[in-house]
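One structure is given here, and the rest of the page talks about it.
FYI, side chains are in, hydrogens and waters are out, and symmetry mates aren't considered; it's all heavy atoms of this structure. As the structure is a prediction and not an experimental result, all values here were calculated from the model.
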Amino acid sequence: MVKNRSQAALWIAPLFFFGLLFYLPLGKILSIGFSGDWLQTLTASKTYSILWFTFWQAVCLSHLALGFGIPGAYVLYHRKFRGQEFLRAFITVPFVLPTIVVAIGFTSFQKLPIVSQLLTQNSGVPIIICANVFMNYSLAVRIIGGVWMRLDNSIEDAASLDGAGRFRTLISITLPQLKDAIASAAALIFLYCAANFGLALVLGGATTKTLETEIYISATQFLDLPKSAALVGLQTLLTIIAFLVAQRYSGGQFGFGIATAFGQRQKLDRRDFPAAAITAVFISVLIAIPLISVVVRALQFDGSFSITNFHNLASHGARDVLSISVGHSALNTVRNAAIATVLSMVIGVIAAYILSHGKNKRTDRNVRKVADIVFQLPLGISSVVLGFGYLITFGSGLFPLRSSWLVTPIAQSLISIPLVIRLLLPAFSTIESDLLETAETDAATPSQIWWLVEGANHSKFHSHRKWLCRNHFFW
């Protein structure tokens, strides 16, 4: 009875946090949408075309990221070679970069003749696709590679002894074992690409419209709040459908695997050349060139290399257009990142804990499936929608967050808590139930079980905290 009460009490903090700071603003937006002529907005031909573009480009990007990510996961996680850890860290950099930095880096591609021709014929769609794959490639590699690293190599060895080649083994044995991880990666990439506002706006301009850009334009340029709110409802529905599909095809393991090897990994050999070549070309062309471009642009001033740009870090900009100095803004960024990290870890750990417990009863499983969607919905709702909701909800009253600097770390934590849950949920799920039952039999309290059994592997939590803090700093 005490255990049930303590677990029930744990629901209060995450549900209150999400209810007040996410679902209340979202509900306000939806109420505005349904108070207007929402049916006309949703049935307009323009809305159909925007929804179709948002959907197909997200599906296309998911398949492209998986197409490059599966060979990358094989090389970087299933095989072993010198410099592997560096490459794993290197491909993660694009995921944590701000959208504007990614846009600056991809302007180098616009100068290439082939890309320039594509942009002339198809607007900014090809460059948006490249930039989205650039940002989400590491998601596919990390999620699939984390599971691939734990597969038993003896099955592949047995298939090799029976005369099966690498490709046949991959198709017949390995991919079926990775289907849950592939479905999980596809769902996350789909959500990120469907809700990526910055790349569509900066690289696509006025000619490339997604649900995100249309919400922004309707609210800020035309002041049509009912139309924006109706589109927010459409985006929310699309996100819920994506999560339901992900839960259906990912076997309930919708998240990041723990990258620990099962047995000894083999070194790269000549038979791995196709996968290694694809990975090397992708990392060199689509990741290294944009990142190098950003560094080169930072060192250029008036067409030549100079450190003049860095002298402006202690000022209000080259033309004194900033309200605070660059150094002061950097301190604000660090402060916001620290607060958002603490909020994300506290709420995320609690949510992951309660989602990983009580799987025996059918009612508990159904409740946790619904709760999982409740906690993960911010992944498919971008910061544009969140800012729109805060604008109309927290302008005054008991929580005037709109005029407070706290709104930034709170919004950052809401976007990153789902990632914390996806990172920690597999870790909680891998804890053997026998250990927990033994601790209960020995009269251990829930807090003792948490600190001495479930939270004993501090290295995993420490690595998650470092990864999350880097994300907050760049967001």
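- F375 has its side chain within reach of L15: a pair of non-hydrogen atoms, C-beta onward, lies under 4.5 Å apart.
- With ring centers used as reference points, Y137 lies 6.0 Å or more from F68.
- Shown here is Y23, whose OH atom has more than 12 heavy atoms of other residues, nucleotides or ligands within 6.0 Å.
- Between I350 and F17 there is no side-chain heavy-atom pair separated by less than 4.5 Å.
- Annotation: side chain of V420 is in contact with side chain of M345 (closest heavy-atom distance under 4.5 Å).
- You'll find the side chain of L21 reaches within 4.5 Å of the side chain of L401, heavy atoms only.
- Side-chain atoms of R335 and W405, non-hydrogen and from C-beta on, do get closer than 4.5 Å to each other.
- Taking the side chain as every heavy atom from C-beta outward, I421 and Q376 approach each other to under 4.5 Å.
- The two residues F388 and A229 come nearest to each other via the heavy atoms CE2-N, 4.2 Å.
- Around CZ of F273, the count of heavy atoms belonging to other residues, nucleotides or ligands within 6.0 Å does not exceed 12.
- S416 places a side-chain N or O within 3.5 Å of a backbone atom of Q412 that can act as its donor or acceptor partner.
- When all heavy atoms of L386 and F22 are compared, the pair lying nearest together is CD1-CD1, 3.8 Å.
- Side-chain contact between L66 and I144 is present, with heavy atoms from C-beta onward closer than 4.5 Å.
- Of all heavy-atom pairs spanning L76 and Q84, the tightest one is O-NE2, 3.0 Å.
- Note: Y192 and F95 have perpendicular aromatic rings, judged against thresholds of 30 and 60 degrees for the angle between ring planes.
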Steps toward side chain to side chain contact (heavy atoms under 4.5 Å, CB included) verdict (F18, I347): CA-CA 9 Å; F18 275 80; I347 302 298; 4.0 Å; yes

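- Partners of Y390 under the ring-ring contact (aromatic ring centres under 6.0 Å, His included) rule, at least two apart in sequence or in another chain, are F394.
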Test log, rule side chain to side chain contact (heavy atoms under 4.5 Å, CB included), inputs I129 and L64: CA-CA 9 Å; I129 290 177; L64 281 174; 3.5 Å; yes

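- By the 4.5 Å heavy-atom criterion applied to side chains, I29 and T236 are not counted as neighbours.
- Annotation: the span from I289 atom CD1 to I283 atom CD1 amounts to 13.0 Å, rounded to 0.5 Å.
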